[in-house]
Protein chains: 2
Amino acid sequence: MTDRSVPPPADAGGAAEQTGVGGAAGAESATAAGAEPVTARGEQTRKLILDTAMRLFRERGYAQTTMRAVAKEAGVAVGNAYYYFGSKEHLIQEFYAETSVEHRSRATRVLATETDFAERLRGVLHAGIDTMTPSHEFAATFFKTAAEPTSPLSPFSSESSPTREASIALFREALTGSTAKVDPELRDELPELLWLAYMGVILYWVYDRSTDQTKTRALINGVVPLIDRLVGLSRLRVLRPVTRDVLGLIRTLRQ
Amino acid sequence: MTDRSVPPPADAGGAAEQTGVGGAAGAESATAAGAEPVTARGEQTRKLILDTAMRLFRERGYAQTTMRAVAKEAGVAVGNAYYYFGSKEHLIQEFYAETSVEHRSRATRVLATETDFAERLRGVLHAGIDTMTPSHEFAATFFKTAAEPTSPLSPFSSESSPTREASIALFREALTGSTAKVDPELRDELPELLWLAYMGVILYWVYDRSTDQTKTRALINGVVPLIDRLVGLSRLRVLRPVTRDVLGLIRTLRQ
DNA sequence: CCTGGAAGTTGAACGTGTTCGACACGGCGG
DNA sequence: CCGCCGTGTCGAACACGTTCAACTTCCAGG
């Protein structure tokens, strides 16, 4: 079957020439699925598609943006988008990466000046929300795709591992750069726990319908002192066994 | 009664008549979206479609089950399914309800015999997982659809409010029927918090890839004593302010 | 120059969820 | 007996994500 009606489209590429190689050495990228561009032209097409998609996602929302629209707006064929990105969802992975990078950049100021643990943590958390705020509308929509465990987009998946590690590292810095005295046993595990808490905050944020997500801010401001206090208390006599149990449990459950 | 081939079926309903009102006064049901059946024939068709869908979901998984397949297997037209259920996702809401009912039924034994809070809580949690276990495979898949905040399927949505309330009530019973001494301020809020913890357990369970979800069991067994201890400790001098803060925060954040 | 093949590009076709206008049924008032 | 109308039912049609075989571009090696 298939049948092809009109044989040769005569002209193919739209925006052409541009043979010079040039920059864009995207560090570790490796988004998997979909071909990694080799040529400079490929690099450019990829970026064109990605930028267009991002723009449309923000303008119309994820669900309302069709792949056809992305392709049309970018001036390429639908199939071309699939050459670079394995699926519509994979376009989101890029969003993760971008967000992660900006999160770090936004967090550096606090991490460079503050020494109080609670303040550092607070800063990192708010920086994360700051970063995502412009995309709240569509983040909420695309969140569902990330929730599927088998999806490569799950924050726990190996495919988002680089981004996740970068995020955890941020919390590690928040801890190590602070003056906080932490149970040494807890010290290694805490950054990951903080990241987990961050995921919880994001979860709340996604559901947060209050104007400007004020409640999420309240959540952060309220929860940070609690964490700070609990971390401090973790060295207390009465709580030692609890700390022990928590750590034991976490080690068992880590998948 | 399967295929339909011939245009005018002459006869439509299978087991017909039954004009009397009578049974099936399904309390608050109200699944919204899609028409509520009025006729006995409608009632039957609805059930037929639902049962078929459930069976196929379990057999092939959610994503692999097409609406066409459901319709065909049920011996109706696709459009007919959409007459009763607003969307493919809405078929899931029913799963919620069924699960909730069975959860309660499974939990009654423990709640009737045990008096120790930790044991009661443990029992309720395990009962929940027991109930869902047969559907683990497809639950994981459909979970994503529930994650979207705007979706009526979200556990926080008003549309699943009845089911949620039923679930919270279960935890309230676990608490009130126990011998545990709880900070009175905490007593009112705790059931909802326990339900939230239960949601967390489910979240973990969905992601749990260990055989027979052993790790989820470990999580429950590990986390219950912690909760038990923390609840007990909440009346302690040093932790009083923490308890206060937690409660204050929760009251602020409740949406 | 030519040519082979890898990289990039195309658009029709497929399968899916969902919609919608048309139709069937059955009881009720005329 | 007839026509009406609300409840059900039908299936073609639509929009979308995704696939794929055919095609173009471009350059290294002869």
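Chain naming here is simple, since letters A, B, ... match the order of the sequence lines and numbering starts at 1 in each.
For A:Glu189, the salt bridge (Lys or Arg N to Asp or Glu O under 4.0 Å) partners are A:Arg251, A:Arg254, not counting sequence neighbours. Under the rule for a side chain to side chain contact (heavy atoms under 4.5 Å, CB included), the partners of A:Glu173 that lie at least two apart in sequence or sit in another chain are A:Arg104, A:Leu111. Residues forming a salt bridge (Lys or Arg N to Asp or Glu O under 4.0 Å) with B:Arg172 (at least two apart in sequence, or on another chain): none. Residues satisfying the ring-ring contact (aromatic ring centres under 6.0 Å, His included) criterion with B:His126, sequence neighbours excluded, are absent altogether. Partners of A:Phe171 by ring-ring contact (aromatic ring centres under 6.0 Å, His included), not counting sequence neighbours, listed by chain and number: A:Tyr198. When the salt bridge (Lys or Arg N to Asp or Glu O under 4.0 Å) test is applied to A:Lys72, no partner is found at least two apart in sequence or on another chain. The side chain to side chain contact (heavy atoms under 4.5 Å, CB included) check on B:Arg55 picks up B:Thr52, B:Glu59, B:Glu73, with sequence neighbours excluded. With sequence neighbours excluded, the residues satisfying salt bridge (Lys or Arg N to Asp or Glu O under 4.0 Å) with B:Glu102 are B:Arg106. In this view, A:Tyr82 and A:Met67, A:Val78 satisfy the side chain to side chain contact (heavy atoms under 4.5 Å, CB included) rule, not counting sequence neighbours.
Between A:Leu48 atom CG and C:dT9 atom C1' the separation is 13 Å, expressed in whole Å. Atoms CZ (B:Arg46) and P (D:dT9) sit 13 Å apart, rounded to a whole Å.
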Where along nucleotides 3-8 of chain C does protein come under 4.0 Å, by heavy atom, of base (B) or sugar-phosphate alone (S), with - for untouched nucleotides? ----SB
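Using five terminal pairs a side, the axes of the helix from C:dC1-D:dG30 to C:dG30-D:dC1 at its two ends make an angle of 30°, given in steps of 10 degrees.
For the pair B:Lys215 and B:Tyr207, the cation does not sit on the ring face, since its NZ or CZ is not both under 6.0 Å from the ring centre and inside 45° of the axis.
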Pull out every protein N or O sitting under 3.5 Å from an N or O of nucleotides 14-18 of chain D, one pair per line with the distance.
residue : atom : partner : partner atom : Å
D:dG17  : OP1  : A:Thr65 : O            : 3.4
D:dG17  : OP1  : A:Lys88 : NZ           : 2.8
D:dG17  : OP2  : A:Met67 : N            : 2.7
D:dG17  : N7   : A:Arg68 : NH1          : 2.7
D:dG17  : O6   : A:Arg68 : NH2          : 2.5
D:dT18  : OP2  : A:Tyr82 : OH           : 2.7
D:dT18  : OP2  : A:Lys88 : N            : 2.8
D:dT18  : O5'  : A:Tyr82 : OH           : 3.4

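Heavy-atom nearest nucleotides on DNA chain D were determined for B:Gly79 and for A:Gly79, and the one closer to the 5' end corresponds to B:Gly79.
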